[in-house]
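These notes concern the structure reproduced below.
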Amino acid sequence: MLEFTGSEHTDRRTLFVEVVLPLGIAINYTYRVPYDLNDQIAVGKRVVVQFGKSKIYTAIVAGIGEQAPEKYEAKYIIDVLDAEPVVHQRQLQFWAWIADYYLCNIGEVMNAALPTALKLASETKVELNKEYPVDKTTLNDREYLIVDALELQPELTVNDIAKLLGQKTVMPILKMMFEKGIINISEEVSDRYKPRVRTFITLNPIYRDQDQLRELFGILEKRAPKQADAVLAYIQLSRSQKTISKSELVEASGAGAAAIKSLIEKEILFAEEKIVSRLVHDADDLEANFELSPAQQTALDEIKQGFEQKDVLLLHGVTSAGKTQLYIRLIEEMVNSGKQILYLLPEIALTTHIVERLRKYFGNAIGVYHSRFNDNERVEVWQKVLSGQYRVVLGARSSVFLPFKDLGLIVVDEEHENSYKQFDPAPRYNARDASIYLGHMYGAKVLLGSATPSFESFYNAHNGKYGLVKLTERFGGVEMPLIEVVSITEETKKKTIQSHFTSVLMQDINNALANKEQVILFQNRRGYAPIMLCKICAYTPKCINCDVSLTYHKSSGKLHCHYCGYKEDSPNICPACGSTQLEYKGFGTEKVEAELKLLLPDARIARMDLDTTRSKNAFQNILNDLDEHRIDILAGTQMVAKGLDFASVTVIGIISADSLLKYPDFRANERAYQMLSQVSGRAGRRGKQGKVVIQTYDPGHRVIQQVIAHDYVDLYNTEMTERKNFKYPPFYRLIEINIKHKDPEILHHQAEALARDLRKHFDDRVIGPEYPLVGRIRNYFIKTIILKFEKDNISMPKVRATIKDVITQFNTTKLSKGSVIQPDVDPY
DNA sequence: AGCACGCCGACT
DNA sequence: GTCGGCGTGCTC
C-alpha cells in the first residue's frame, strides 16, 4: 500500500509500474507514473499506455517500483482507469502460471481472461480534412477511391481502407495523403463498456389528487386523445408494478413515443434515467427442499470426508445419478460459510434448464458466464463477482478467470469434456486442470464429476492423488436403460432394414410414438452425405483449402467443407469425366431426418446439429420444443448427448456406432465409450425403463460390450494395458508441438529440423513429427511433434523451460516464412 | 498485435 | 526505375 502524506501534500516519489499488455509479447513493460497519478496507482488497476509509435492499449499494473530502468527512458502512463483494482494479485499469479504451464505469453492470457469491454484499444481512424477543399482532379486513382469512400462514410479504419484498395500496405499512401492535407489521421480510444440506461416514467404527484386527475383527463381527451391513452395506461400499469419504464409505457398504451414525449414536456409525466443491470432475474419461488436418496447421502458424506484428506475429488457417478443435487448441497453449505463457488460446465450444457434449476436454490446470488453473453453482460458479471455480490458462478471454461475474492469450492461437471480445452488462440489451456491450480491457490476444494471420467482423472484418483467417490445408483428408482445391439449386416441380409433404420429400431420408435413418448436418434455426422462419388471415374470433390472430402448438404444444395466452411455448388455432372452417375456415400443427420420423415409422415421430427442451431436462440428453442412435446423424434449429432436432461425420452437410437468406433485416434475407444454411454444414459425416466438401440456392423466390438455392461473400469483397464505397448504410453505427460505451413514440403523439413533440435534435449522421448488426424486445417498443413515424459520421473518446469528455449531459438533463427509453432501442453 | 524498415521481384 | 509484397525486428 502507498502512504498518504496528507491531502495538501502531493506524493512526489517517482514511481514506475510494470504492466501486462494484452499482446503476445514475452515480457512486461515498464512505464513511469506522473506525480498526479501517484496516489491512484495500484496493482491490478487498468492503466492506459502508449505502446509503440502511436498505439494505445489498456494494460494491467502488475508491479510498482521506484527504480528507474537503466537502459531506456520509460514512457509515462496516460491514465489510470479504475478507482479499485479489477483483478487481484492472485489472478495475476494465476495468469503467470497459465502462461508458464501452457507455454504462452502472459498478455495472451490477459486477452482470454479480461472481457473485451474492459480492454480499450486505440484504432487508427481516417477522416477527411474539412479545411482542405478536395479537388478530385488532382488525385490519383487510389486517393480518389479513399476520398470517395470518406464522403459516403466520414470515418474509416486502416483495415477498411486496405480492404477498399485490395492491398496490404496502405500506411505509405495514407501518410502521403495526410502530408498533402487531404485527410486527418487520429488514434481513437473507445471505452467499450456502456452501462444500460433506461428511462423510467412517473406521474407528476399533483395528479394523485383525484380531482386534478379528472380535470386532466377532461382536457386531454378532447385535445390529445393519444396522450389520454398514455396516462390511462400509466395508471393501469402502476397498479401491478412499482417502476414503469418508458418502453413499457409506449407498448402498453399504444400511444407512441411522441405522445409520451409531449406529456413529459408538459410536466404531466416525469422522466428519469437510471442505470439498470442487464442481468436482472426474478428471484421467484425459492424451492430449496429436496430429499437425497440414501445412495446420494452416502456419497455426500464421502465427499465431505474426502475433502478432509484431499483437495481434489473425482465423483464417478452413473448418468442420472443425481450428481447435480449433490453439487447443490455442497454449494449451499459453502455459501453458508461465506465463500464463493465456481461451478464449471461445458458450454453446451449451460442451458436455461440448469441455470433455472440452480437459480431456484440460490436466487440472485448466482451468476452465469459464457461466450454467448455479449461484452457488456460479461463486464457486469465480472464486477458482481469482484464485489462479492455473486456467491456462485455457473460458467463455461473462461469463468476460471473471474475475479473471485475467496473461492471455497470449484465443481467441474462432466470433467472429461474436451470443450474444457481451448485449442485455437493461445492460451491453450484446459479449464479443468487450470481450475485445480486455481483451487490450490485459493485453498479451495475441487470436485470433478463425470459418469465417464477422463483417463487422466481416473488415473489420478486410482493412484491416490485425488480422492474417489462412486455413485452407482440412478436417482429416484430410474432403471438403467436396456441396451440392444443390432447388426446392420444381418438386417441387410434379411432385407428387414428400411433406409438406415433396422426393424428393431423401427419397432421401438413406433412403440414410443404410440405411447406418446419421445425418441432421440444419434448420428455423429451433420449434412446429408459426407462423400460424393463418381461411379465411373471414382472422382470425389474435395475442399480447395483443406484437402478433405466435401459434405453434401441438401438444404443448401451445396457441398460444404466442415473444416474451413468453404462451399461450392453441387455438380450435376462429374467435373473430371463428365458422367452423370454421381452418388452419395455415407449419411448424416440431414439424411436421417429426411428418410425418417418419409417412413413416418405423421411424426413430428426435428433435427439438432450445428446447422440448425446456428442462430442465437435456436438451440434453446429446440430444447423447449422437445420439453413441451412439440417434437416426437429428434435426430442430431453429439449435441443431443451432452449434458441435456430430457424428461420423457424413452427410446434412443444410435444410427451407426461404427464411425465412433473406428476413429483413428489412440483415445478412440475412450471417446466411443463416453459418447455411447452418454447418449444411452438419456433414455428412460421414473417408472419407465429406457431402451437404447445400437446399430452397427460390428456387434461384437469390445467397447460396445463394455457399454452394455456399464463397465467403465474394464474399459479403463484394457485400454491401459493396450497402451503400454503403444508408442503413446498411458501414464505419460504429452506435450504437443504443432507446426503449421501452407507448403507441405517446407513443413516437412521444418518439422524434421525441430524434432532434431528437440531430440538433442529429450532423446527418444520425442515422437514424430507426424500428421495428426487431419493433416490440413484452414489452409495450413500441420505436423505434430509429441514429447512424452514419464510422469513421476521428470521436472515439468525444467521441461517447459527447455521447450520454450528451443522454440524461441527456432523461431528466431531457423523458422522459414509462413510457419507457425504452437506448443500445446496436455498433461495426460 | 501493429508498424517501420529494408530487400526483392514484377510491372508501367 | 518504382511500387507493393513480404520478412524482420522493436515496442517500455
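Values below: every heavy atom of this structure, side chains too, minus hydrogens, waters and symmetry copies. All of these numbers come straight from a predicted model, not from anything done at the bench. Naming convention: chains lettered A, B, ... in sequence-line order (proteins, then strands); numbering from 1 in each chain.
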Between A/T802 and A/D805, do the side chains contain a donor N or O and an acceptor N or O under 3.5 Å apart? no

When the side chains of residues 172-186 of chain A are checked against the rest of the protein, which donor-acceptor pairs come out under 3.5 Å, sequence neighbours left out?
unit_1, atom_1, unit_2, atom_2, d
A/K180, NZ, A/E143, OE1, 3.3
A/K180, NZ, A/E143, OE2, 2.8

Polar side-chain atom of A/N38 near backbone of A/R13 as donor-acceptor pair, under 3.5 Å: yes

May I have the distance from A/Q167 (atom CD) to C/dG5 (atom C1'), rounded to whole angstrom? 10 Å

Name the nucleic acid region contacted by A/Y31, choosing base, sugar-phosphate or nothing; use a 4.0 angstrom heavy-atom cut-off, strictly under. sugar-phosphate

Between P of B/dT12 and CG of A/D141, the distance in whole Å: 14 Å

Using whole Å, what does the distance between atom P of nucleotide B/dT12 and atom CG of A/N140 come to? 17 Å

Whether A/W97 and A/F94 hold their rings parallel, tilted or perpendicular, with breakpoints at 30° and 60°: parallel

What is the distance, rounded to the nearest whole Å, between atom NZ of A/K175 and atom P of C/dG4? 15 Å

Roughly, in whole Å, what's the span from CZ in A/F51 to P in C/dC10? 12 Å

Spacing of A/E187 atom CD relative to B/dA1 atom C1', expressed in whole Å: 13 Å

What is the separation between atom CG on A/L21 and atom C1' on C/dC10, rounded to the nearest whole Å? 13 Å

Give a yes/no on whether any side-chain N or O of A/K168 is located under 4.0 angstrom from OP1 or OP2 of C/dG4. no

Please determine, for the side chain of A/Y29, which listed nucleotide (B/dC3, B/dA1, C/dT11) has the closest atom? C/dT11

A/T169 side chain, from C-beta outward: closest of C/dG5, B/dA4, B/dG2: C/dG5

With a cut-off of less than 4.0 Å, is there a side-chain N or O of A/Y57 near OP1 or OP2 of B/dG2? yes

Without decimals, in angstroms, what is the distance between A/I56 CD1 and B/dC3 C1'? 15 Å

For the side chain of A/R142, starting at C-beta, report the closest nucleotide among C/dC3, C/dT11, B/dC3. C/dC3

Any idea which of B/dG2, C/dG5, B/dA4 is nearest the A/K55 side chain? B/dG2

So CG of A/N28 and CD of A/E18: to nearest 0.5 Å the spacing works out to 4.5 Å

